[in-house]
Number of protein chains: 4
Amino acid sequence: MRATTGVPTRENQWDVMKRVGKKTSRAERKALRPHEILEAAFEEFAAKGYAATRVEDIATRLRITKGTVYLYFPTKDVLFQEMFRHASTSSADPSTAIGCLRGSCADRIRDLLLITYENTANDRRTRELLRLSVAEGTRLPKMVDCRHELFIAPTLAALTTLVEEGVKSGELRQDTAADTPDVLASSIFQVAVWHLMLADRRPIDGRALMEAHIDLVMNGLLRRSERMA
Amino acid sequence: MRATTGVPTRENQWDVMKRVGKKTSRAERKALRPHEILEAAFEEFAAKGYAATRVEDIATRLRITKGTVYLYFPTKDVLFQEMFRHASTSSADPSTAIGCLRGSCADRIRDLLLITYENTANDRRTRELLRLSVAEGTRLPKMVDCRHELFIAPTLAALTTLVEEGVKSGELRQDTAADTPDVLASSIFQVAVWHLMLADRRPIDGRALMEAHIDLVMNGLLRRSERMA
Amino acid sequence: MRATTGVPTRENQWDVMKRVGKKTSRAERKALRPHEILEAAFEEFAAKGYAATRVEDIATRLRITKGTVYLYFPTKDVLFQEMFRHASTSSADPSTAIGCLRGSCADRIRDLLLITYENTANDRRTRELLRLSVAEGTRLPKMVDCRHELFIAPTLAALTTLVEEGVKSGELRQDTAADTPDVLASSIFQVAVWHLMLADRRPIDGRALMEAHIDLVMNGLLRRSERMA
Amino acid sequence: MRATTGVPTRENQWDVMKRVGKKTSRAERKALRPHEILEAAFEEFAAKGYAATRVEDIATRLRITKGTVYLYFPTKDVLFQEMFRHASTSSADPSTAIGCLRGSCADRIRDLLLITYENTANDRRTRELLRLSVAEGTRLPKMVDCRHELFIAPTLAALTTLVEEGVKSGELRQDTAADTPDVLASSIFQVAVWHLMLADRRPIDGRALMEAHIDLVMNGLLRRSERMA
DNA sequence: AATGAATGAGGGTTCATTCAT
DNA sequence: AATGAATGAACCCTCATTCAT
């Protein structure tokens, strides 16, 4: 029925292990596999998108064969979704950041934005998840909603709380802007999109841009005397 | 399921033309075709991405067959790129907007941002081009760079010019923010990404967000007395 | 994306047609295709069973490629079922045979059995459908039931009617056997199974066996006084 | 769905043995294994056919893993053939039945047919072997021939002998039917095929059908004077 | 110009078989 | 002896592309 060559054309994972003298038991290997595969899947899907990625590409990245991938994930589609969940889960939880803010409202807003920036726009993994959310979101809205619920909404809610507090204490002015404090975070989106679109071809200093934006939103561009009603 | 009949169940383009009494000559038809195809391609590619879109999907949208598509475009890949160029070209040219700005620097900045917002984040076509830039940009960096060159860079350059002018005239303060006036436009990215990710599932008032952001960047969030050094 | 060799390695159907000077228009070809494919599918499925048959085998038999098969049938499974229905439909309808029986009950029973034999056990196509019914029937009971309903049941019902009539008229004896006249047809099953199992390796004279069986069962059924020479 | 846990959810063979306090040594186990595997293989192959059965299905039925199957049988194909031989061997040997027939020719014929019926058409295992002979016989004619040689031919030969004897003694009439006494057994085929095709969806009383057939063929074969009531 | 039947390379998925543990 | 992770050859089905009509 099926021919069985058994003659490996290229050295496989085990050969490699022997050659480099690594000691990984089968059990260890197996326990690691799902994680490894999800990581490799992340790289491939992020680089090429769902449809253009071949399961074999993912396998090859790990020096295994596609059959092995199917030992751990039943379909490409499930693999994608698990990968998305896995990559999301390993992102920094915004609540920890929110929990350790100290100082004046302005300080806390500044720190929250900077920390969020570091965890999102400045984090390759999170950026690529944004890419996938944009690219595949139409196909899998649930996925994106879930991510929004867990990561974006809490941060924006924290901003809203901080602004409300600052307005109440008189530290911040009460105005149009105070009604939609989401906009405080807009530069994070800008940096993220910039990275996604232009990568290293037109690099920007994300941190500088963030600080400029924070300066702007806190102080405004107009001279004191020119301040608009 | 593939039909095997070959009997068209719905009236095709010629039937339609006959019914409504239009007179479109063959020559006219031919002249229109590339444009029609590019439009249909835009819709399909935007909805499903490059790899997941079938040439036949595009043809079906026009009630023609895939063979016809190949009369005008040699490959799917070329079609995609031409579509991208075409959709970009039909976007509003930023230079026209820049040209008709009037009033104080603040006014002109505000107007430029609002006009750009209307032409980009609030324009479905431009938004979908952003989606494609993010999704397929890795594969076709040239495409994205070109788009950046023609649409994004000029707008940001205009902003920079306006800010410099305002600083020189004393209308705007000279500070961190003035060094990277790009950030003034960050809310446009935010609205665009929000639309792309959450579509109509979590709608936002883009215009209100824009105005809040403009208010913020012009006036700052801090009370006058609290202004940071 | 996809390489396009276009270099045919072996002459295909069209080459063949040109070479032998056949004149078959595309439209004619297309109209014939489903029928051709069903016939080829019949041969392959009958020879190897559902699971062991490759769609490509079916295509190759027609000097076309598997892609073409999928132009007419959406899946292998549907192809199998349509093939089964098609092959069944083209079998002789028992009602026509039943309609033209003449003579005494004995004569009509004899003729019905012989005709049924010719149409079933002695007909390769019907025999192979029996093979498929036995081999794949567990998977597709509906298919077998349908076939039973249309072909087997009517014939057995006709036998029952004939026997009842003969008993009533006094031509046939009333006894155990008259209660289950199905057994009159048992030799048809025997010949069919023999063919399916031993093919041409241990050939039998089906017709002679049929006649011997008829002789046996008729002389048993008939009253003493009616006994045939 | 493939499980990735490796944690057995149901108790395996050893657990079972421990629980019920059985003491089966490794050696005993090993001696039993081939037999167990062949039995499990019989069930699976009979239910799904050769190609559609997975080696793992067979193993799972025994709560062992496919690796173990390969310890005892080198390939799936060999396993199938050994299973077929094994299942055949465990069928009742016709010679024993033939040996203990007593009474008149008519009695012996009747008894032989009834015993054969019980051992074949009315025996699930033998019936399923018939199914496999029909389904896979084209692929493995040797197998079927062997089975024919050992089980079918002897029974038919015995029938022939009995009929010849009856004719010689004057108990049976000498006529067409006497030339091919095979037909006496045709109802066995009929019942077997009926079971295989219609299973329990259209049940029949096999024994009644057999007796009706015997009644039919005996009263036909017997001389006028010998006719049974 | 338009069609759509046909092609065939490819990618998802399965499963017989191997072999280190 | 038994396991089950891994392999890789197939097989189903899709779809970009071609080309005769």
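Just the heavy atoms: all of them, side chains too, but no hydrogens, waters or symmetry mates, feed the values below. Just so it is clear: chains get the letters A, B, ... in the order the sequence lines come, proteins before strands, and each one is counted from 1.
Per the geometry, CD belonging to A:E28 stands 15 Å off C1' belonging to F:dA5, to the nearest Å. One can place CG of D:D57 at 12 Å from C1' of E:dA16, the figure rounded to the nearest angstrom. With rounding to whole Å, B:L71 atom CG is found 7 Å from E:dA2 atom P. The distance between atom CZ of A:R29 and atom C1' of E:dC19, rounded to the nearest whole Å, is 17 Å. Regarding B:Y70, its OH atom lies at a distance of 15 Å from the C1' atom of E:dA5, rounded to whole Å. As rounded to whole Å, 11 Å separates atom C1' of E:dA1 from atom CD1 of B:I64. One atom, CD of B:E36, and another, C1' of E:dA1, lie 13 Å apart when rounded to the nearest Å. Here the C1' atom of nucleotide E:dG12 and the CD atom of A:E44 are 16 Å apart, to the nearest Å.
Checking F:dT14 for Watson-Crick or G-U wobble geometry (two distances, each under 3.5 Å) identifies E:dA9 as its partner. Using N1 to N3 plus N6-O4 or O6-N4 for Watson-Crick, or N1-O2 and O6-N3 for G-U wobble, each under 3.5 Å, F:dA20 pairs with E:dT3.
Although no hydrogens or angles enter the test, the distance criterion places a donor-acceptor pair under 3.5 Å between the side chain of C:T75 and the main chain of C:V78.
In this structure, D:K66 does not pair ionically with D:D57, as no charged nitrogen and carboxylate oxygen lie closer than 4.0 Å. Between A:E44 and A:R54, no side-chain nitrogen of the basic residue sits less than 4.0 Å from a carboxylate oxygen of the acidic one, so the salt-bridge criterion is not met.
Across the interface with DNA chain E, nearest-nucleotide mapping of A:D77 and B:V69 shows B:V69 to be the residue nearer the 5′ end. Positionally, the nearest nucleotide of DNA chain F for A:K66 lies more toward the 5' end than for the other of A:K66 and B:E56.
Phosphate proximity of E:dA6 to C:Y72: present, with a side-chain N or O under 4.0 Å from OP1 or OP2. Between C:T68 and E:dA5, a side-chain N or O to OP1/OP2 separation shorter than 4.0 Å is absent.
Side-chain proximity of C:T65 to the nucleotides E:dG12, E:dT7, F:dA16 is greatest for E:dT7.
Cation-pi geometry between D:R139 and D:F80 is satisfied (NZ or CZ under 6.0 Å from the ring centre, within 45° of the ring normal).
Ring geometry for A:Y50 versus A:F45: interplanar angle under 30°, hence parallel rather than tilted (30 to 60°).
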